[in-house]
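Input: a single structure, listed below in structure tokens.
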Amino acid sequence: MSRAEPDDAVEPVSWWQDFYRVVRRIPRGRVTTYGVIAALAGHPRSARHVGFALAALKDPDGGSTVPWQRVLGSRPRNRAAVTIKDPVGGALQRALLESEGVTFDARGNVSLDRFGWAGPGAKKPAAAPRKRTRA
DNA sequence: CTCTTGACCACTC
DNA sequence: AGAGTGGCCAAGA
């Protein structure tokens, strides 16, 4: 990832740091989507950057504390699926989630109705990333 | 400043 | 149901 390096950040926080902060709050055994992370971090339209930021976690030692595996791509019908570019990383993600109790569908989808996390205040899973008021 | 690139999302064929 | 298209935001060249 040549776009941005965490260690280069002289700034106190960068946009990805906001995402990390939110991701760390995801309870064990729950999953959420990029869109949700982006919204909670204060960048509702920047779902892509969430994945971008998470991609940078692979190397730096600082990112090891972020449960990136709990972030999935949103799929219709309140479901989420792995959208990782690297097949190896995707398999790892799935394995990690399954070890936390998250069950995958035959197609590799997770029910957000059962495992979705809508935010720090949401106790009950239900969380579908709400439809954006499209023009 | 313009163009390209993304672990995305949603709408339309 | 699967594939294509546009929009989104930010950073690098």
Side-chain angles (χ1 to χ4, degrees):
Chain A
M1 119 126 209
S2 47
R3 300 195 186 307
E5 294 292 328
D7 56 25
D8 285 351
V10 204
E11 305 285 310
V13 273
S14 298
W15 53 270
W16 60 54
Q17 297 266 348
D18 294 333
F19 298 140
Y20 294 163
R21 208 172 299 150
V22 176
V23 173
R24 284 204 200 92
R25 307 229 294 268
I26 304 175
R28 187 173 180 266
R30 301 269 188 93
V31 298
T32 188
T33 64
Y34 296 97
V36 173
I37 296 296
L40 292 175
H43 305 277
R45 307 290 180 311
S46 302
R48 321 185 70 175
H49 301 102
V50 177
F52 191 53
L54 294 180
L57 292 175
K58 298 167 91 179
D59 344 80
D61 31 355
S64 50
T65 57
V66 180
W68 60 271
Q69 70 265 20
R70 295 175 192 146
V71 183
L72 299 171
S74 88
R75 279 288 203 180
R77 221 177 153 192
N78 257 351
R79 291 186 301 173
V82 174
T83 55
I84 290 183
K85 181 173 77 169
D86 302 325
V88 180
L92 173 62
Q93 178 174 32
R94 177 171 174 160
L96 286 170
L97 289 176
E98 286 180 331
S99 69
E100 293 184 355
V102 177
T103 60
F104 281 75
D105 192 338
R107 289 230 221 50
N109 295 321
V110 178
S111 275
L112 289 178
D113 287 333
R114 297 164 58 190
F115 305 107
W117 179 75
K123 303 181 189 303
K124 84 175 166 185
R130 73 149 170 292
K131 293 182 171 187
R132 139 185 356 158
T133 24
R134 57 174 314 295

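Each chain gets a letter, A, B and so on, in the order its sequence line appears, and its residues count up from 1.
Residue A:W15 places at least one side-chain N or O closer than 4.0 Å to OP1 or OP2 of C:dA11. Using a 4.0 Å cut-off, no side-chain N or O of A:S74 falls inside it from OP1 or OP2 of B:dC8. The side chain of A:T83 places an N or O atom within less than 4.0 Å of a non-bridging phosphate oxygen (OP1 or OP2) of B:dC8.
As rounded to whole Å, 6 Å separates atom C1' of B:dC8 from atom CZ of A:R48. The separation between A:D18 atom CG and C:dA11 atom P is 11 Å, rounded to whole Å. At whole-Å resolution of the value, OH in A:Y34 and C1' in B:dA7 are 4 Å apart. Rounded to a whole Å, the CZ atom of A:R107 is 11 Å from the C1' atom of C:dG2. Rounded to whole Å, the distance from CH2 on A:W16 to P on B:dA7 is 15 Å. Remark: P of B:dA10 and CG of A:N78 are 11 Å apart, rounded to the nearest angstrom. Nucleotide B:dA7 holds its P atom 17 Å from the CG atom of A:L92, rounded to whole Å. If you take CZ of A:R79 and P of B:dC9, they are 14 Å apart, rounded to a whole angstrom.
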Would you sketch DNA chain C in dot-bracket for me? Only Watson-Crick or G-U wobble pairs with both distances under 3.5 Å count, crossing pairs as [ ], other-strand pairs as |, the rest as dots. .||||||.|||||

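The side chain of A:I84 has B:dA7 as its nearest neighbour among B:dC8, B:dA7, B:dA10.
Interatomic distance, CG of A:D18 versus CD1 of A:I37, reported as 11.5 Å (0.5 Å rounding).
Nucleotides C:dC8 and B:dT12 place their P atoms 15 Å apart, quoted to the nearest Å.
Taking each heavy atom of A:A56 and A:Y20 in turn, the nearest pair found is CB-OH, 4.0 Å. For A:V23 against A:P67, the heavy-atom pair with the smallest separation is O-CG, 3.3 Å. Scanning both residues, A:P120 and A:R25, for their nearest heavy atoms gives CG-NH2, 3.2 Å. What you find for A:F115 and A:G101 is that their closest heavy atoms are CE2-O, 3.6 Å.
Using a 4.5 Å cut-off on side-chain heavy atoms (C-beta onward), A:F19 and A:V71 make no contact.
Between A:F52 and A:W15, the two ring planes are parallel [angle under 30°; tilted spans 30° to 60°].
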